[in-house]
Amino acid sequence: MGYSLKLNSWLKQYGIVISAMLILSIITAVCSYYLLGFVPHLVSASVIIVILLVYFKKIPEKHFPFYLVGLSLAMILQQTMLGSYIVGTDIHQEFYTVNRTIENGWDWNYYSLNNTSIVLNVVSPFLHKIGIPVLWQFKLLFPIVLSFVPLILYKAFSKQIGERYGFYSTIFFIIVPVFTVEIATITKSMVAELFFALIILVLFTQMRFFKKFLLLSFFGILAVMCHYTIGTLVFGYLGITGIILLVYAIFTRKFNFTPIIASVLIVGLVGGLWFYYIGGGIVYMGYTNSYTNIAKQVSEINAVSSSSTTKVIEDKPKGNYLDRQDSLIRTALGIDWNKTDISGKFFRIIQYVTQLAIIFGAIVLLLNYKKYKVSICFVVGILASVIILGGVLFIPKVANIINTT
């Protein structure tokens with residue numbers, strides 16, 4: 001009787017918002033499947049309306065998690081449910097990998113990047129065996145998993161900056177196109193992002209050191225085994241965070257960094273062995289080749305800058321380093337202004353404003369973190385993110401290792 005009363009009370013509080021988000025997601029999924037053109041407008045309008053209602057405080061904070069999950073699911077499904085077949089780039093090769101594993105079993109030595117993912121070689125074949133078709137796993141099931149990433153991030157952010165700013169931060173993550181245009185079209189990434197989000201939540205949550213070590217190690221290893229790119233980012237993020245906290249601890253003696261450092265060692269060890277042996281060692285060889293190329297390019301840059309001979313000057317590549325960068329990095333920085341049309345310039349103006357706002361906000365938060373009462377892990381997490389982004393932009397070939405976007 002008591003459980004029934006609690007359920008009725010819970011449904012009275014959240015039934016309407018849950019129903020609204022379910023209806024939005026179902027309409028989005030069905031109409032996208034039949035290629036009806038109004039779907040993007042419906043989803044975009046829904047996002048805008050919710051943001052405005054939150055801004056004007058017409059939505060109670062306890063409803064935020066339901067709106068975030070519902071809106072993120074709708075935005076994902078308008079991409080993944082488009083038409084009767086799978087949509088994306090990597091996802092087609094992933095589909096082939098899953099079916100090959102179903103037919104022949106998982107050959108660990110098969111030379112393929114997709115062969116390093118337990119999502120494609122363990123989870124998806126298992127789901128197929130219990131009756132869930134691979135096509136619908138890719139179009140519907142894994143996208144539902146991805147839709148919970150914003151919820152986890154919201155829980156992490158709200159612990160640091162409160163529910164309202166946590167909502168704004170999370171909705172920004174959702175509406176940046178990479179969430180639906182790229183992540184939602186790479187199956188192994190959809191699952192790996194979930195573990196990355198859980199790592200951030202653990203970092204920003206107060207808990208016993210041994211429990212934090214176990215959770216960081218567990219989620220980190222799973223991220224590595226799901227997707228080599230996300231696994232690389234996780235290792236870099238935890239590694240940089242651990243190093244900064246180590247320096248902080250040495251100077252202040254106020255923070256125990258042991259769980260994070262220990263988890264970095266475990267994730268690095270297991271991840272290194274995983275990449276060395278699984279998939280014919282393709283990821284390990286890719287990293288060693290990238291390191292060789294980075295070292296070569298850095299030495300060439302140093303040789304050009306330190307030499308004054310005519311031959312070296314003549315052989316120097318035209319343009320600066322950014323001029324010779326990948327086209328998507330140039331777009332990310334907005335330095336391809338002269339090559340774009342009017343709509344492209346308008347997009348880049350919005351991009352400049354957004355990027356400057358993020359930089360300004362990060363600086364303000366870093367300088368006043370005590371005022372905002374955020375944890376040192378939150379501050380260090382920002383610094384780690386800045387360092388990784390800087391590496392992508394200014395260290396040769398790093399963008400190719402962890403994917404430009």
Side-chain angles (χ1 to χ4, degrees), residues 11 13-84 86-88 139-155 157-158 163-185 190 193 197 341-355 357-358 361 405:
L11 289 174
Q13 291 185 65
Y14 306 113
I16 295 177
V17 60
I18 292 174
S19 300
M21 291 298 99
L22 277 175
I23 292 171
L24 175 64
S25 298
I26 292 171
I27 291 174
T28 301
V30 173
C31 295
S32 293
Y33 186 83
Y34 289 104
L35 303 176
L36 300 182
F38 71 88
V39 173
H41 304 290
L42 171 66
V43 175
S44 298
S46 301
V47 172
I48 292 170
I49 290 170
V50 170
I51 292 174
L52 290 173
L53 290 174
V54 170
Y55 178 78
F56 289 108
K57 299 182 179 180
K58 301 298 182 180
I59 294 178
E61 294 177 349
K62 61 184 179 181
H63 288 176
F64 288 176
F66 301 101
Y67 280 108
L68 288 171
V69 173
L71 292 176
S72 64
L73 182 58
M75 293 194 70
I76 295 166
L77 292 179
Q78 71 173 337
Q79 172 78 10
T80 63
M81 287 296 296
L82 196 63
S84 58
I86 50 177
V87 180
K139 290 182 72 67
L140 185 60
L141 183 60
F142 289 121
I144 291 174
V145 172
L146 178 60
S147 71
F148 284 93
V149 170
L151 174 63
I152 297 169
L153 291 178
Y154 168 74
K155 292 294 184 182
F157 296 153
S158 61
E163 285 79 5
R164 189 162 297 276
Y165 291 118
F167 175 86
Y168 293 141
S169 301
T170 308
I171 203 72
F172 183 78
F173 171 80
I174 294 172
I175 63 178
V176 171
V178 69
F179 180 67
T180 51
V181 173
E182 182 171 358
I183 297 175
T185 61
M190 286 192 251
E193 289 280 355
D341 55 18
I342 294 177
S343 62
K345 286 179 170 58
F346 177 74
F347 171 80
R348 278 156 184 75
I349 290 173
I350 297 176
Q351 181 177 312
Y352 295 146
V353 173
T354 303
Q355 292 173 340
I358 293 173
T405 46

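Given the structure is predicted, the values throughout are model-derived calculations rather than measurements.
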Quiz prompt | Where Ser147 and Ser72 come nearest, the two heavy atoms and their spacing | solution = O-OG, 3.1 Å
Practice problem: Quick one: do Tyr168 and Val54 satisfy side-chain contact (heavy atoms from CB on, under 4.5 Å)? Show the steps, please. | Solution: CA-CA 9 Å; Tyr168 293 141; Val54 170; 4.0 Å; yes
Quiz item: If every non-hydrogen atom of Val50 is compared with every non-hydrogen atom of Phe167, which pair is closest and at what distance?
Solution: CG1-CZ, 4.0 Å
Practice problem: First locate atom CG of Leu68, then atom CD1 of Ile152, and finally report the distance between them rounded to the nearest 0.5 Å. | Solution: 12.0 Å
Quiz item: Can you tell me if CD1 on Ile16 sees more than 12 non-hydrogen neighbours from other groups inside 6.0 Å?
Solution: no
Self-check item: Within-4.5 Å side-chain heavy-atom neighbours: Val69 and Met21
Solution: no
Self-check item: Separation between OH of Tyr33 and CG of Leu140, rounded to the nearest 0.5 Å
Solution: 11.5 Å
Practice problem: Just jot down the ring pair (Phe, Tyr, Trp, His ring centres under 6.0 Å) partners of Phe173, sequence neighbours excluded, or say none. | Solution: Phe179
Practice problem: Flag yes if more than 12 heavy atoms outside Tyr55 fall under 6.0 Å of its OH atom; otherwise flag no. | Solution: no
Practice problem: Taking His63 for its side chain and Gln13 for its backbone only, find out whether a donor-acceptor pair lies under 3.5 Å. | Solution: yes
Quiz item: If we only count heavy atoms from C-beta on, is the Ile183 to Ile76 side-chain gap below 4.5 Å?
Solution: no
Quiz item: Of all heavy-atom pairs between Leu42 and Ser46, which one has the smallest distance, and what is that distance?
Solution: O-OG, 2.8 Å
Quiz prompt | Interatomic distance, Arg348 atom CZ to Ser343 atom OG [nearest 0.5 angstrom] | solution = 8.5 Å
Practice problem: Please examine the side chains of Phe172 and Thr354, heavy atoms only from C-beta on, and report whether any two atoms are closer than 4.5 Å. | Solution: yes
Quiz item: Any side-chain heavy-atom pair from Val145 and Met190 closer than 4.5 angstrom?
Solution: no
Quiz prompt | Pairwise distance CD1(Ile48) to CG(Leu71) - rounded to 0.5 angstrom | solution = 11.0 Å
Quiz prompt | Between CG on residue Leu77 and CG on residue Leu82, distance to nearest 0.5 Å | solution = 11.5 Å
Self-check item: For Cys31 against Val39, the heavy-atom pair lying closest together
Solution: CB-CG2, 3.4 Å
Quiz item: Aromatic rings Tyr14 and Phe66: how do their planes relate, parallel, tilted or perpendicular, breaks at 30° and 60°?
Solution: tilted
Practice problem: Using modelled atom types only, decide if a donor and an acceptor are shared between the side chain of Ser32 and the backbone of Ala29 within a distance under 3.5 Å. | Solution: no
Exercise. Tell me, yes or no, whether the heavy-atom count around Leu35 atom CG, taken from other residues, nucleotides or ligands under 6.0 Å, exceeds 12.
Key: yes
Exercise. Drop me the distance from Thr28's OG1 to Leu36's CG, to the nearest 0.5 angstrom.
Key: 11.0 Å
Quiz item: What are the two closest heavy atoms between His41 and Gly37, and how far apart are they?
Solution: CD2-O, 3.7 Å
Self-check item: Heavy-atom closest pair, residues Ser25 and Gly70
Solution: OG-O, 3.7 Å
Quiz prompt | Partner residues of Phe142 under the ring pair (Phe, Tyr, Trp, His ring centres under 6.0 Å) criterion, sequence neighbours left out | solution = none
Quiz item: Short question: side chain of Lys139, backbone of Thr80 - any donor-acceptor pair under 3.5 Å?
Solution: yes
